[in-house]
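Just so it is clear: chains get the letters A, B, ... in the order the sequence lines come, proteins before strands, and each one is counted from 1.
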Number of protein chains: 2
Amino acid sequence: MGTAFEKFHQYLRSRGLKLTSERKNILKKVVSIHDHFDAEELLYMLKEDGKQISRASVYRTLNLLVDSNLVEKVDFGEGRAYYEHTLGNYHHDHLICVECGKVIQFEDQVIEKRQKDICKKHKFELDYHTLNIFGRCSECNNGRREEDASTS
Amino acid sequence: MGTAFEKFHQYLRSRGLKLTSERKNILKKVVSIHDHFDAEELLYMLKEDGKQISRASVYRTLNLLVDSNLVEKVDFGEGRAYYEHTLGNYHHDHLICVECGKVIQFEDQVIEKRQKDICKKHKFELDYHTLNIFGRCSECNNGRREEDASTS
DNA sequence: ATGCGTGCAAATACTTTGCATGCCC
DNA sequence: GGGCATGCAAAGTATTTGCACGCAT
């Protein structure tokens with residue numbers, strides 16, 4: 001758990017940046033959230049905890065955290081960015097219900113491996129990836145007939 | 001090629017919507033673009049062709065096209081949506097170079113199949129998916145030493 | 001004819017940025 | 001003490017929406 005701070009501190013130093021109390025508080029909060037969240041939610045949680053941190057700092061720090069690989073930016077196609085920390089979490093992908101918005105996380109080694117192979121084939125140096133599968137979850141799907149099996 | 005219009009027309013009818021000349025022109029342009037594009041680019045191309053179509057109509061029609069499965073919305077994490085039509089194109093995923101912005105399309109049946117299996121396991125009805133792999137392309141990668149093989 | 005669609009401009013939503021001041025190293 | 005960071009508000013993007021008029025069915 002201390003590792004996250006060390007990593008971040010190291011990242012900041014390597015760029016001549018500083019580990020301020022705001023950044024510390026943001027990182028502390030971020031690693032405590034074991035789910036995805038967006039910038040506004042994070043800002044709200046920090047305020048709830050009595051931390052007075054500006055919206056600008058939250059956005060700025062999230063960018064740094066993404067850059068330092070401590071946080072992943074995920075995109076659910078909602079026109080806003082979600083984030084999740086990468087600690088302990090092996091990387092995971094998402095099943096996103098277009099009906100109720102529920103997000104189910106999963107991870108699959110076959111797909112991970114296959115991606116690496118594809119990158120190798122294209123001489124592409126893999127950094128990270130995002131795989132989102134959109135559809136309807138089992139609950140929202142109840143009492144529905146199938147309509148199309150077209151797109152994959 | 002006429003099929004796209006039939007499909008769209010059918011989709012519109014099924015919703016009590018109309019096939020206007022604006023929608024026709026937008027669809028015609030969209031199917032002619034064999035690459036991804038964003039709303040502004042599309043608007044610009046239409047203007048170039050001498051079509052006077054408003055930004056609002058472009059955005060509105062793109063949403064209809066996505067809804068009717070003729071067009072796919074893809075997200076490169078740039079804070080804006082890209083689109084590509086789904087005609088003839090079997091679905092494809094993307095390798096995105098974070099350095100030069102180049103986008104390489106690929107498709108892999110193993111991954112496609114695996115996704116279907118995962119959905120089945122979660123009783124999730126698959127609609128569509130987006131898989132973006134970010135990293136550095138072979139050109140941008142030249143003369144670089146590898147630094148981290150951490151995240152996948 | 002009826003009602004959906006269009007264009008325009010304003011509104012909204014998310015994120016970034018300029019500037020004066022504050023604080024880490 | 002110097003320079004990066006912060007907070008604020010304003011600016012910047014991307015996209016949506018209300019309204020009056022126009023056109024497809």
Choose from [options] the nucleotide whose nearest atom is closest to any side-chain atom of [X].
| X | options | value |
| --- | --- | --- |
| B/A39 | D/dG7, D/dT15, C/dG5 | D/dT15 |
| B/Y59 | D/dT6, D/dT15, D/dG18 | D/dT15 |
| B/R60 | D/dT17, C/dT15, D/dT6 | D/dT17 |
| A/A56 | D/dT25, D/dT15, C/dT17 | C/dT17 |
| A/K18 | D/dT6, C/dT16, D/dG3 | D/dG3 |
| A/R80 | C/dC25, C/dT15, C/dG5 | C/dT15 |

Can you tell me if [X] touches the phosphate of [N], counting only side-chain N or O atoms and a distance under 4.0 Å to OP1 or OP2?
| X | N | value |
| --- | --- | --- |
| A/R23 | D/dA5 | yes |
| A/S57 | D/dA5 | no |
| B/T20 | C/dT6 | yes |
| B/S54 | C/dC8 | no |

>> Testing A/H92, A/H36, A/H34, A/K73 one by one against A/E84 for a side-chain hydrogen bond (donor to acceptor under 3.5 Å, both in side chains), which residue passes?
In response: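 In the set A/H92, A/H36, A/H34, A/K73, the residue that makes a side-chain hydrogen bond (donor to acceptor under 3.5 Å, both in side chains) with A/E84 is A/H92.
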Write down the distance between [atom1] ([X]) and [atom2] ([N]), rounded to a whole number of angstrom.
| X | N | atom1 | atom2 | result |
| --- | --- | --- | --- | --- |
| B/Q52 | D/dG22 | CD | P | 17 Å |
| B/E41 | D/dT15 | CD | P | 11 Å |
| A/E22 | C/dG22 | CD | P | 13 Å |
| B/D38 | D/dT16 | CG | P | 13 Å |
| B/L12 | C/dG3 | CG | C1' | 15 Å |
| A/K51 | D/dT6 | NZ | P | 15 Å |
| B/E78 | C/dT16 | CD | P | 13 Å |
| B/I26 | C/dG5 | CD1 | C1' | 11 Å |

>> Does either side chain, that of A/N69 or that of A/Y11, offer a donor lying less than 3.5 Å from an acceptor on the other one?
In response: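 Absent: no donor and acceptor within the cut-off.
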> For the side chain of A/D49 and the backbone of A/K51, is there at least one donor-acceptor N/O pair under 3.5 Å apart?
Replying inline: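 No; judged by distance alone, with no hydrogens or angles, the pair does not exist.
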> Touch check for B/N63, heavy atoms < 4.0 angstrom, all strands: base, sugar-phosphate only, or nothing?
Replying inline: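 Sugar-phosphate, backbone atoms only, no base.
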>> How long is the straight-line distance from NZ of B/K123 back to CD1 of A/I104, given to the nearest 0.5 Å?
In response: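 With rounding to 0.5 Å, CD1 (A/I104) is 11.5 Å from NZ (B/K123).
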> If each of B/Y82 and A/R55 is mapped to the nucleotide of DNA chain D with the nearest heavy atom, which maps nearer the 5' terminus, i.e. the 5' end?
Replying inline: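 It is A/R55 whose nearest nucleotide is closer to the 5' end.
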> Any side-chain heavy atom of A/E22 within less than 4.5 Å of one from A/N25?
Replying inline: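 Side chain of A/E22 against side chain of A/N25, heavy atoms only: no contact under 4.5 Å found.
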